[in-house]
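Data block below; observations after.
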Amino acid sequence: MQAEDGKPLWTAAEVLAATGGNGSPGDVTGVSIDTRTLQPGDLYVAIKGDVHDGHAFVDKALKGGAAGALVVASHPGDDSRLVRVDEPLAALRRLGLAARARLTGTVFAVTGSVGKTGTKEALRACLAALGVTHASVKSYNNHWGVPLTLARMPRDSQFGVFEIGMNHAGEITPLTQMVRPQIAIITTVAPVHIEFFASEAAIADAKAEIFLGLQPGGMAILNRDNPHFDRLAMAARAAGAAIISFGADNAADVRLLSMTADALGSDVMAGVLGQTIRYRLGTPGRHVVLNSLAVLAALAAAKLDIEQAVPPLAWLSAGPGRGERSRYDLPGGPVLLIDESYNANPASMRAALQSLGEVPREPFRRRIAVLGDMRELGERSAALHTELAGTVLEAGVDLVIAVGRYMKGLYDLVPAARRGPYAVQSEHLVAQLAGLIRPGDAVMIKGSLGTRMAPLVDALKSHLASHATTPHKS
């Protein structure tokens, strides 16, 4: 990756100075921790993970054209490209800090119980319309994902967008102190990972750690609709931040004025600090609309041209597992498949069900929800599943197919006429699901990653594609 001034991402001297390592690497054009996606010119970082130790793949990385490899000092071999350090992950952090130190652009950080990745991607798209923008890929938001994203940031970036996640209290603090954002967004607070917290208020406090890395004069973007707004606002002010709020609440600084939804997206009108902004969103769902208001608030906080920035939102679509929509035209009518299989918690499950309820009855006459267990909810697991039964009915779901021990509680509360098959494990439904779907159906599949709902999506995609009269449209 070459900057506008012709320099590589990192010169060899910069790598050694930042990491404190010894060796003779080449100039670096990228940074990688995975030999499966490594490109020639990358700096390979041999991280020791829960399953694999990256040192086992160093030779593969070097044979694949790596400019260098960060390894522990005791690693065997005499290749000059080996950069010997005390500990590769710590060295990666130092490289990330060096990247942040040389940046002169504006840095945004995004956290929240749900909506982090979608909000980050929407903000990235808007900022890219205004200048050179660097952002986290996928959900690289943890103790290795954040420093890796920092280390990959080109020196000429005008904007940096970082997603920061957590499962436990104290995890956000070191990450936000690395990123040092000028603008921090908290999308919402909900009972996600509640198994590891005493209360939802404790989750709010953990999310508020993001303000501990804010630069002087920083801005906090907060959800005015969330019941923890006041608590978050107090934490933001304690950190010296000014606040811009967003939401449907009349008191919000960036407020939803109206939205018109269809199967493919929404037309939105928002009030932004007294200015009316109209734009199109290419991803459906009221929750997506509300998160887009956070993006507008962040643009306003950075004093950027919002009207110039928002057009790319019309082309932004959800990715696999995160709300991706695929239409298959079958003899007799279309089928809409909504893939929400990446993860699930009570807030995102409620949002996904509401989004399914917004699918028009013409041409989609039947709404089907395939729901899997939500994980990491602790002693409230049973209650948090059954509490969603009302949302299922409000969304006008015609058929519920359920997977998992806890989702059985919700399934039992649904009227018998609306119950499809139930299975303890998702693989037991693979053969049945395809036979239940017919033309005119809108099917949404969602559950926590550990519930393994993705194989159901893959099997249904394969079945529908084989029966489609025309190539499917996403």
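The chain is numbered in sequence order, starting from 1.
- In this structure a side-chain-to-backbone donor-acceptor pair under 3.5 Å is missing from Lys461 to Val457.
- The residues Asp267 and Arg278 are annotated as not salt-bridged, no charged nitrogen and carboxylate oxygen being separated by less than 4.0 angstrom.
- Contact between Ala190 and Ala347 at its shortest, heavy atoms only, is CB-CB, 3.5 Å.
- Considering only residues two or more places apart in sequence or on other chains, His228 meets the side chain to side chain donor-acceptor pair (under 3.5 Å) condition with Glu200.
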Walk me through whether Thr29 and Gln39 qualify under side-chain contact (heavy atoms from CB on, under 4.5 Å). CA-CA 9 Å; Thr29 55; Gln39 298 296 312; over 6 Å; no
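- Looking at Thr187 and Asn291, their side chains never bring a donor and an acceptor atom within 3.5 Å of each other.
- Heavy-atom neighbours of Arg452 CZ from other residues, nucleotides or ligands within 6.0 Å: at or below the threshold of 12.
- Residues Lys446 and Ile338 fail the side-chain proximity criterion, which asks for heavy atoms closer than 4.5 Å.
- In plain terms, the two heavy atoms of Ser317 and Thr283 that are nearest each other are CA-OG1, 3.5 Å.
- Checked by atom type and distance alone, the side chain of Tyr44 pairs as donor or acceptor with a backbone atom of Gly54 at under 3.5 Å.
- Checked by atom type and distance alone, the side chain of Arg81 pairs as donor or acceptor with a backbone atom of Leu62 at under 3.5 Å.
- Rounding to the nearest 0.5 Å gives a distance of 3.5 Å between CD of Glu209 and OG1 of Thr173.
- With Asn345 contributing its side chain and Ser348 its backbone, the two residues share a donor-acceptor pair below 3.5 Å.
- Counting only heavy atoms from C-beta outward, the side chains of Met259 and Leu290 never approach each other to under 4.5 Å.
- Judged as a side chain to side chain donor-acceptor pair (under 3.5 Å), and not counting sequence neighbours, the contacts of Tyr279 are Ser292.
- With values rounded to the nearest 0.5 angstrom, Met453 atom CE is found 7.0 Å from Leu371 atom CG.
- Inter-residue side-chain proximity for Pro88 and Val72 is flagged as met; some heavy-atom pair is nearer than 4.5 Å.
- Remark: the Thr117 side chain and the Glu163 side chain contain an N/O donor-acceptor pair separated by less than 3.5 Å.
- Applying the side chain to side chain donor-acceptor pair (under 3.5 Å) rule to Ser24 yields no partners; only residues at least two apart in sequence or on another chain are considered.
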Could you go through Leu377 and His385, starting from their C-alpha distance and side-chain angles, then the distance that decides it, and tell me whether this counts as side-chain contact (heavy atoms from CB on, under 4.5 Å)? CA-CA 10 Å; Leu377 299 180; His385 282 77; 3.9 Å; yes
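- Side-chain contact check for Val179 versus Leu175: every heavy-atom pair is 4.5 Å or farther apart.
- Applying the side chain to side chain donor-acceptor pair (under 3.5 Å) test to Ser381 and every residue at least two apart in sequence or in another chain returns nothing.
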Between Tyr140 and Lys120, does a side-chain contact (heavy atoms from CB on, under 4.5 Å) hold up when you go through it step by step? CA-CA 11 Å; Tyr140 283 12; Lys120 177 259 299 181; over 6 Å; no
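- Note on residues 134-151: no pairs pass salt bridge (charged side-chain N to carboxylate O under 4.0 Å, His left out), not counting sequence neighbours.
- Rounding to the nearest 0.5 Å places CZ of Phe246 at 8.0 Å from CG of Asp225.
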Dump the intermediate steps for side-chain contact (heavy atoms from CB on, under 4.5 Å) on Leu456 and Val430, then the final yes or no. CA-CA 6 Å; Leu456 292 177; Val430 170; 3.7 Å; yes
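- Under the 3.5 Å distance criterion, the side-chain polar atoms of Gln182 are matched with a main-chain donor or acceptor of Val107.
- Distance CG/Leu95 to CG/Leu148: 9.5 Å, rounded to 0.5 Å.
- If you take CG on Leu304 and CZ on Phe159, they are separated by 5.0 Å, rounding to the nearest 0.5 Å.
- Applying the salt bridge (charged side-chain N to carboxylate O under 4.0 Å, His left out) test to every pair with at least one member in residues 19-34, sequence neighbours left out, gives these pairs: Asp34-Arg36.
- Lys207 places no side-chain N or O within 3.5 Å of a backbone atom of Val189 that could act as its donor or acceptor partner.
- Inter-residue side-chain proximity for Asn142 and Asn167 is flagged as unmet; no heavy-atom pair is nearer than 4.5 Å.
- The shortest non-hydrogen separation linking Thr276 to Met269 is CG2-CG, 3.7 Å.
- Looking at every heavy atom in both residues, Val110 comes nearest to Lys116 through CG1-O, 3.9 Å.
- Taking CZ of Phe196 as the reference point, atom CD of Glu171 lies at 9.0 Å (rounded to 0.5 Å).
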Evaluate the criterion salt bridge (Lys or Arg N to Asp or Glu O under 4.0 Å) for residue pair Glu14 and Lys7; output intermediate values, then yes/no. CA-CA 11 Å; Glu14 288 171 335; Lys7 287 186 177 180; 5.1 Å; no
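- Residues Val295 and Thr119 have side chains in contact (heavy-atom distance under 4.5 Å, counting atoms from C-beta outward).
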Take Asp205 and Arg231 through the salt bridge (Lys or Arg N to Asp or Glu O under 4.0 Å) test and state the conclusion after the steps. CA-CA 8 Å; Asp205 293 340; Arg231 190 180 192 94; 2.7 Å; yes
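- Closest non-hydrogen pair, Arg93 versus Met178, comes out as O-CE, 3.7 Å.
- Looking at Ser32, its side chain never comes within 3.5 Å of a backbone N or O of Asp42 through a donor-acceptor pair.
- Between Pro8 and Val28 the shortest side-chain heavy-atom distance does not fall below 4.5 Å.
- Proximity of a side-chain donor or acceptor of Thr176 to a complementary backbone N or O of Ile172 within less than 3.5 Å is not detected.
- Under a 3.5 Å cut-off, the side chain of Thr35 and the backbone N or O of Leu38 do not form any donor-acceptor pair.
- Side-chain atoms of Asn223 and Ile186, non-hydrogen and from C-beta on, never get closer than 4.5 Å to each other.
- Within 6.0 Å of CZ in Arg280 there are more than 12 heavy atoms belonging to other residues, nucleotides or ligands.
- The one candidate from Arg325, His287, Arg350 that meets the side chain to side chain donor-acceptor pair (under 3.5 Å) condition with Ser355 is Arg325.
- The aromatic rings of His75 and His55 lie tilted to each other, with the angle between the two planes from 30° to 60°.
- Ser448 places a side-chain N or O within 3.5 Å of a backbone atom of Arg375 that can act as its donor or acceptor partner.
- Of all non-hydrogen atoms in His143 and Leu89, the two that sit nearest each other are CD2-CD2, 3.8 Å.
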